J.: 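I am attaching a structure below and will ask some questions about it afterwards.
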Amino acid sequence: EAQVTQNPRYLITVTGKKLTVTCSQNMNHEYMSWYRQDPGLGLRQIYYSMNVEVTDKGDVPEGYKVSRKEKRNFPLILESPSPNQTSLYFCASSPRQGFWSPLHFGNGTRLTVT
Amino acid sequence: DQQVKQNSPSLSVQEGRISILNCDYTNSMFDYFLWYKKYPAEGPTFLISISSIKDKNEDGRFTVFLNKSAKHLSLHIVPSQPGDSAVYFCAASGAGSSNTGKLIFGQGTTLQVKP
């Protein structure tokens, strides 16, 4: 089944403890992206990747890191999480960026930082 | 600075009637618009899209209208069904972002279709 898989689905952590949210897609998509969803703010893009070893900042990249060493994986790294990073995170992929390639989203990771 | 705005946080309609969800944008360089639907505990799924060279795109019960002069788009669902109850996000691409990888989302509108 074609899908985007995020892990974990739920995560509770404390301020400053490094964490990684994994994202994997099995569709051989070139483009991958991370979003966070917050009440009243909708979905905001954190980072995206046009292909392997190519990443760029979205609208809210502060406090996050990503890497794209392989086509299928695009982990989101929080080196020192803070409470304002408590949010619902979505990973997404598409064959390539452009209007002909709607995004396929994972089911989300709900992160709580205390 | 919210470039894509959905000013109605929620909408409630009766089953069988029309649902109209609205979206406004500020950047005239956006050239492609999409609607996504999101159920609880799931990721958003693509619903319908429209290019700026068109003013209407239809797919079954779903039609998206684009008014470029007003920088406004709307999603019509006819007839509405209880299974349409979800959060709907509009999104816009362009202004070079179709090349740079950015897709700007609105805040979302929660649609409730009552049986």
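Letters A, B, ... mirror the listed sequences (proteins, then strands); counts begin at 1. When reading the values below, keep in mind they use all heavy atoms of this one structure, side chains included, and skip hydrogens, waters and symmetry mates. Since the structure is predicted, the reported quantities are computational estimates derived from the model, not experimental observations.
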J.: Rounded to the nearest 0.5 Å, what's the gap from CG on A/Asp38 to CD on B/Gln107? Could you check?
T.: 12.0 Å
J.: Heavy atoms only, distances under 4.5 angstrom: which of B/Ala41, B/Pro9, B/Gly108 has the most pairs with chain A? Name it, please.
T.: B/Ala41
J.: What about A/Phe105 and A/Leu76, same hydrophobic cluster or not, with Ile/Leu/Val/Met/Phe/Trp/Tyr joined at side-chain heavy-atom distances under 4.5 Å?
T.: no
J.: Is atom NZ of A/Lys71 surrounded by more than 12 heavy atoms (other residues, nucleotides or ligands) closer than 6.0 Å?
T.: yes
J.: Using heavy-atom distances under 4.5 Å, tell me whether A/Arg44 contacts chain B through its side chain, its backbone, both, or neither.
T.: neither
J.: Given side chains that start at C-beta, do those of A/Leu43 and B/Leu103 come closer than 4.5 Å, heavy atoms only?
T.: no
J.: Which atoms of B/Phe33 come close to chain A, meaning under 4.5 Å heavy atom to heavy atom: side chain ones, backbone ones, both, or neither?
T.: neither
J.: Flag yes if more than 12 heavy atoms outside B/Arg17 fall under 6.0 Å of its CZ atom; otherwise flag no.
T.: no
J.: Please flag which part of A/Gln6 lies under 4.5 Å from any non-hydrogen atom of chain B: side chain, backbone, both or neither.
T.: neither
J.: Would you say CD1 of A/Ile77 has more than 12 non-hydrogen atoms from neighbouring residues, nucleotides or ligands within 6.0 angstrom?
T.: yes
J.: Do A/Tyr35 side-chain atoms and B/Phe105 backbone N/O form a donor-acceptor pair below 3.5 Å?
T.: no
J.: For the hydrophobic clusters of this structure (ILVMFWY residues joined by side-chain heavy atoms under 4.5 Å, transitively), does one cluster hold both B/Phe89 and B/Ile20?
T.: no
J.: What is the minimum heavy-atom distance between B/Gly43 and A/Phe90, and which atoms define it?
T.: CA-CE2, 3.5 Å
J.: State yes or no: do B/Phe65 and B/Phe62 share one hydrophobic cluster built from I, L, V, M, F, W and Y residues joined by side-chain heavy-atom distances below 4.5 Å, directly or via other members?
T.: no
